[in-house]
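Below is one structure, written out as structure tokens, with a few remarks after it.
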Amino acid sequence: MESRYNPAAIEEKWQQAWEAEGLHGTNEDASKPKFYALSMFPYPSGNLHMGHVRNYTITDVIARVHRMKGYRVLHPMGWDAFGLPAENAAIDRGVHPAKWTYQNVAQMRGQLKQLGLSYDWEREVTTCSPDYYRWTQWLFLEFFKAGLAYQKESAVNWDPIDQTVLANEQVDSEGKSWRSGAKVERRMLRQWFLKITDYAEQLLKDLDQLEGWPERVRLMQENWIGRSTGAQVVFKTEAGDELPIFTTRPDTLWGATFMVLSPEHPLVESLTTAEQAHVVNAYRTEAAGKSEIDRTAEDREKTGVWTGSFAVNPVSNERIPIWIADYVLMGYGTGAIMAVPAHDQRDFEFARKYSLPVRVVVQPPDDLLDGHTMKVAHVGEGVMVHSGPLNGAAAGKGPGQSVERAIAWLEEQGLGKGTANYRLRDWLISRQRYWGCPIPVVHCPNCGPVGVPSDQLPVQLPEDVEFSGRGPSPLAKLESWIRVPCPSCGTPARRETDTMDTFICSSWYFLRYPDAQNDEQVFDPSKTNDWMPVDQYVGGIEHAILHLLYSRFFTKVLRDRGLLNFDEPFKRLLTQGMVQAAAYKNPVTGKYITPSDIADLSDPRDPVTGDKLDVVFEKMSKSKYNGIDPKEVLGKYGADTARMFILFKAPPEKDLEWDDADVEGQFRFLNRVWRLVAEFADHPRESVAANADLSKPEKDLRRAIHTAIQAITEDLEGDYQLNTAVSELMKLSNALSDASDKSTSVYAEGIETLLLLLAPFAPHIAEELWHLLGHADSVHQQGWPKANPEALVVDEIPLVIQVMGKTRGTIQVPAKASKDDLEALAKESDLAKKYIEGKTIKKVIVVPGKLVNFVVSE
Ligand code: ANZ
Ligand code: ZN
């Protein structure tokens with residue numbers, strides 16, 4: 001055998017052996033309980049980064065432990081392979097996106113294998129492969145048939161750099177594209193949408209089922225869905241048109257002094273008088289170019305123009321002017337509001353600017369408000385005044401308060417009804433790019449949009465396209481591909497040239513793994529229902545909203561289409577923390593400096609300015625020069641050390657700070673394990689049956705072994721405290737090296753247990769050493785050890801000896817000793833004798849399990 005631990009000599013060897021034996025194939029034995037362990041699949045950028053390594057190692061440990069515990073485990077991997085980078089590579093470097101993507105996949109698959117991750121590669125899915133996207137298209141058509149996919153002309157977010165439309169979710173809070181960083185523009189375009197809003201209520205309500213999700217993620221989803229309750233109230237224009245509004249404060253109706261419509265509201269045109277037409281049109285054009293984020297920014301000055309028309313306040317029959325303003329959005333509520341300037345800050349600013357009346361209907365308890373003089377809207381508590389049937393009611397949303405009473409009254413009068421509104425919008429899924437899943441629709445002059453029949457799927461991406469600069473998608477120019485007969489009536493028609501948002505591809509991949517090679521069906525529902533839901537999903541917090549919400553939406557739609565029999569796809573979710581590393585930042589210029597440019601790292605200075613640099617821990621990134629390439633770490637220490645370090649350094653959900661010394665520390669630990677086991681293997685053991693009468697050191701060692709089993713088993717349940725599990729492994733290894741007699745059966749039990757417990761964490765070294773002990777089968781096929789409660793029993797405990805209430809020390813006594821025994825043992829102990837000899841014992845106080853106190857006199 002190798003006398004030294006040499007990862008290079010064992011890791012690849014075992015990876016190949018495991019693959020040859022099909023060790024990580026999915027066990028389909030239905031008599032076993034199932035466990036579906038899933039990491040979020042990566043975009044194949046070409047290189048694995050530390051964030052990936054961390055994500056996949058965590059899931060791998062969980063998968064491996066469950067296998068050892070007797071579960072049948074599904075642990076698959078795949079590629080989220082469509083997307084813009086491939087297309088941009090094609091434009092910049094002239095490689096076809098497919099080629100670029102598959103090269104990257106091959107490279108990354110190799111890196112994953114080097115990490116010793118126990119994937120069932122037979123179930124690999126690649127979203128850009130026709131045998132996968134065929135089913136993405138099939139699913140789209142299911143949505144289409146259900147009326148959940150539709151086209152609509154709407155103001156959309158246009159990314160001027162990537163030349164495509166983006167979903168609201170893909171625009172950050174500053175109005176910039178999540179990908180290109182470009183300031184997003186507004187354009188009116190005809191686009192495809194999925195009707196996620198039909199599921200808003202369920203997506204919100206079912207968050208309650210997700211007890212295994214981080215509270216923070218549930219909250220982010222809740223806020224994103226953004227439910228607000230209130231009422232829809234129907235106002236009428238003087239011309240008699242109905243003008244419904246949504247308000248969260250229907251109780252303030254008597255304070256509505258004007259109305260505001262979104263500039264895009266369909267009634268604006270007919271409401272605009274000839275005198276106002278000029279200003280209204282100019283204002284509408286200006287508003288159309290602004291993003292929603294700009295329009296709704298709180299600190300922005302409110303602007304607007306009068307349409308020239310009036311409406312009637314339905315509760316007071318008062319005539320109120322109708323304005324348009326860009327702070328009212330067409331996509332929320334009804335696109336029209338009643339303005340209550342006394343109690344809504346935006347309306348207040350607007351009213352002051354255009355000298356519109358302010359009428360107080362909520363009087364606060366302390367000071368008397370006057371609409372003419374107030375400086376800000378009053379949004380707090382008070383009593384309803386000048387409000388007809390609501391007068392005297394306490395203002396607020398609570399039971400019996402003004403809002404509830406207003407809704408009841410409006411419903412009684414037939415003027416409105418209580419409703420809920422959601423911030424969530426329908427999901428804009430069409431993209432004007434090539435490298436995506438083609439939307440399987442043909443536009444026919446007679447039939448309108450017609451779904452491609454399922455036996456003609458996939459609608460394949462044509463390969464002979466030209467990528468010339470960042471312009472319109474090459475698909476839109478490929479007439480030979482576009483012209484097709486209508487599948488329904490045969491008339492010459494045109495293909496849809498938009499492709500789908502790649503978030504569609506990733507909204508169902510987890511449903512495919514249970515039946516990944518099915519070429520007849522999207523999946524066999526019995527298989528997918530059997531494996532789903534995912535028992536443990538692990539991935540980055542950056543997917544807290546988009547991917548997770550869309551996946552939940554897909555699951556619910558497919559359930560309603562009869563394909564699935566569960567409500568939620570991911571039972572438990574672990575969002576792993578970031579991997580950070582030291583970066584050197586010049587506090588004056590704000591620039592990051594490459595460590596190799598720094599002369600002395602113990603006194604880091606800017607090589608150009610000479611400024612002293614700050615050392616900051618930040619997420620690894622190229623731009624901060626603090627990335628550490630997994631390849632280097634694997635090359636130097638091997639996969640097992642990399643895995644151990646990453647698991648040990650921080651709890652999975654916390655950020656992790658890279659530290660070379662700690663990596664080195666884990667490498668040394670594995671070396672110690674190696675020596676411990678190798679030395680043991682070199683000495684032939686007597687095969688001793690478990691001895692009933694163990695010596696004290698044997699008992700202590702046995703207790704240490706079973707304590708480790710118990711602690712690690714607990715760490716691997718529920719919250720996955722993988723870092724403390726690694727510490728327990730280290731403790732057990734120390735207990736074994738400290739053992740005075742290494743020839744006992746207890747020691748042998750300890751060595752084997754150490755390897756079993758180590759196996760999920762450092763699979764290669766555990767396997768090598770397991771075989772070194774003479775086992776023929778794999779350590780990974782062994783049962784997970786069970787702690788023996790008897791071995792955990794502590795049979796001696798410390799007893800405190802006191803004299804006149806003063807603690808003098810402790811002695812060891814049998815845990816089960818009686819009160820009398822304790823008194824006797826204490827009296828006879830050398831410790832007590834030292835203090836009580838020559839004195840008269842007047843009283844002995846015994847507290848079993850704790851102390852013995854001698855009351856003496858001289
Ligand atoms: C009158 C009122 C009085 C309002 C008051 C608030 C306070 P959330 O909580 O976000 O649902 N609103 C309704 N539709 C709008 C739209 N399309 N664009 C911009 N604003 C809109 O907010 C709902 C409130 O925002 C509604 O209640 C409405 O103003 C406004 F003392 O109506 B409120
Ligand atoms: Zn037709």
Side-chain angles (χ1 to χ4, degrees), residues 155 200 223-233 235 243-265 287 292-293 295-298 300 302 304 313 315 320 323-351 358-362 364 369 371 374 376-382 384 387 390 395-397 402-403 406-407 410 416 418-425 441-453 484-495:
N223 290 338
W224 188 263
I225 297 166
R227 182 177 203 260
S228 35
T229 53
Q232 184 154 321
V233 183
F235 281 63
L243 196 47
I245 58 106
F246 170 71
T247 175
T248 49
R249 292 298 303 269
D251 54 331
T252 61
L253 253 165
W254 285 263
T257 53
F258 57 101
M259 291 186 78
V260 186
L261 269 50
S262 159
E264 294 85 13
H265 196 285
E292 274 186 19
I293 288 141
R295 282 170 54 162
T296 50
E298 257 171 53
R300 200 170 142 256
K302 311 290 173 290
N313 183 329
V315 298
I320 56 176
W323 287 63
I324 64 170
D326 63 7
Y327 72 85
V328 178
L329 304 173
M330 196 55 224
Y332 188 70
T334 64
I337 66 162
M338 64 168 185
V340 184
H343 305 294
D344 180 282
Q345 186 57 26
R346 289 180 307 183
D347 298 346
F348 181 81
E349 289 167 30
F350 196 85
V358 176
R359 183 167 310 135
V360 173
V361 290
V362 178
L369 288 180
M374 61 199 292
V376 285
H378 172 69
V379 295
E381 54 182 26
M384 301 306 300
S387 295
L390 299 184
K397 292 207 141 190
S402 59
V403 172
I407 292 173
L410 285 167
T419 50
N421 232 298
Y422 297 88
R423 204 177 80 90
L424 185 69
R425 309 290 169 81
V441 166
V442 171
H443 298 278
C444 168
N446 299 330
C447 316
V450 179
V452 173
V484 279
C486 165
S488 172
C489 73
T491 308
R494 294 178 70 79
R495 268 191 206 291

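Quick caveat: nothing in here was measured; it's all calculated off a predicted structure. Numbering of ligands and ligand atoms starts at 1, following listing order.
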If you look at every heavy atom in Val450 and Cys486, which pair is closest and at what distance?
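What the structure gives for the nearest pair is CG2-SG, 4.0 Å.
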Might you point out which heavy atoms bring Val362 and His343 nearest each other, and give the distance in Å?
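What the structure gives for the nearest pair is N-NE2, 3.1 Å.
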Output yes when a side-chain donor or acceptor of Ser402 lies under 3.5 Å from a complementary backbone atom of Gly396, and no otherwise.
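Here the side-chain-to-backbone pair exists.
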My understanding is that we take every heavy atom of each candidate and find the minimum distance to [atom]. Doing that for [options], which one comes out nearest?
| atom | options | result |
| --- | --- | --- |
| atom 3 (C) of ligand 1 | Thr252, Thr334, Asp251 | Thr252 |
| atom 22 (O) of ligand 1 | Val379, Val362, Asp347, Thr248 | Thr248 |
| atom 21 (C) of ligand 1 | Val233, Val361, Ile337 | Ile337 |

Just verifying a value: how many Å separate [X] [atom1] and [Y] [atom2], rounded to the nearest 0.5 Å?
| X | Y | atom1 | atom2 | value |
| --- | --- | --- | --- | --- |
| Gln232 | Ile245 | CD | CD1 | 8.0 Å |
| Lys397 | Thr229 | NZ | OG1 | 3.5 Å |
| Phe235 | Asn313 | CZ | CG | 4.5 Å |
| Arg423 | Arg227 | CZ | CZ | 15.5 Å |
| Arg359 | Leu369 | CZ | CG | 14.5 Å |
| Lys302 | Asp347 | NZ | CG | 10.0 Å |

Residue, atom name and distance, where the atom is the protein heavy atom closest to [atom]:
| atom | value |
| --- | --- |
| atom 31 (F) of ligand 1 | His343 O, 2.9 Å |
| atom 33 (B) of ligand 1 | Thr247 OG1, 3.5 Å |
| atom 7 (C) of ligand 1 | Asp344 OD2, 3.5 Å |
| atom 17 (N) of ligand 1 | Leu329 O, 2.7 Å |
| atom 10 (O) of ligand 1 | Tyr332 OH, 3.6 Å |

Evaluate the ring planes of Phe258 and Phe350, with Trp represented by its six-membered ring, and classify them as parallel (under 30°), tilted (30 to 60°) or perpendicular (over 60°).
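Ring orientation, 0 to 90° scale: parallel.
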Stepwise, does the side chain to side chain contact (heavy atoms under 4.5 Å, CB included) test hold for Cys444 with Ser488?
CA-CA 9 Å; Cys444 168; Ser488 172; over 6 Å; no
Tell me which one of Thr247, Asp251, Thr252 satisfies side chain to side chain donor-acceptor pair (under 3.5 Å) with Arg249.
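It is Asp251, the one option of Thr247, Asp251, Thr252 that forms the side chain to side chain donor-acceptor pair (under 3.5 Å) with Arg249.
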Contact between [X] and ligand 1, counting heavy atoms under 4.0 Å?
| X | answer |
| --- | --- |
| Arg423 | no |
| Asn421 | no |
| Ser228 | yes |

Residue Tyr327 vicinity, atoms of ligand 1 by number, heavy atom under 4.0 Å:
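Counting atoms of ligand 1 from 1, those under 4.0 Å from Tyr327 are 18 (N), 19 (C).
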Enumerate the atoms of ligand 1 whose separation from the nearest heavy atom of Phe246 is less than 4.0 angstrom.
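That gives atoms 11 (O), 13 (C), 26 (C), 28 (C) of ligand 1.
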Would you list the atom pairs, donor with acceptor, under 3.5 Å between side chains in residues 328-336 and any protein atom, with sequence neighbours excluded?
{"from": "Tyr332", "atom 1": "OH", "to": "Ser228", "atom 2": "OG", "distance (Å)": "2.9"}
{"from": "Thr334", "atom 1": "OG1", "to": "Pro244", "atom 2": "O", "distance (Å)": "2.7"}
{"from": "Thr334", "atom 1": "OG1", "to": "Ala336", "atom 2": "N", "distance (Å)": "3.4"}
{"from": "Thr334", "atom 1": "OG1", "to": "Ala336", "atom 2": "O", "distance (Å)": "3.3"}

Provide the protein N, O or S atoms situated under 2.8 Å from the Zn ion (ligand 2); waters are not included.
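Hits for the Zn ion (ligand 2) below 2.8 Å: Cys444 SG, Cys447 SG, Cys486 SG, Cys489 SG.
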Quick check: does Arg346 get an N/O under 3.5 Å from an N/O on ligand 1?
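Checking ligand 1 against Arg346, an N or O pair does fall under 3.5 Å apart.
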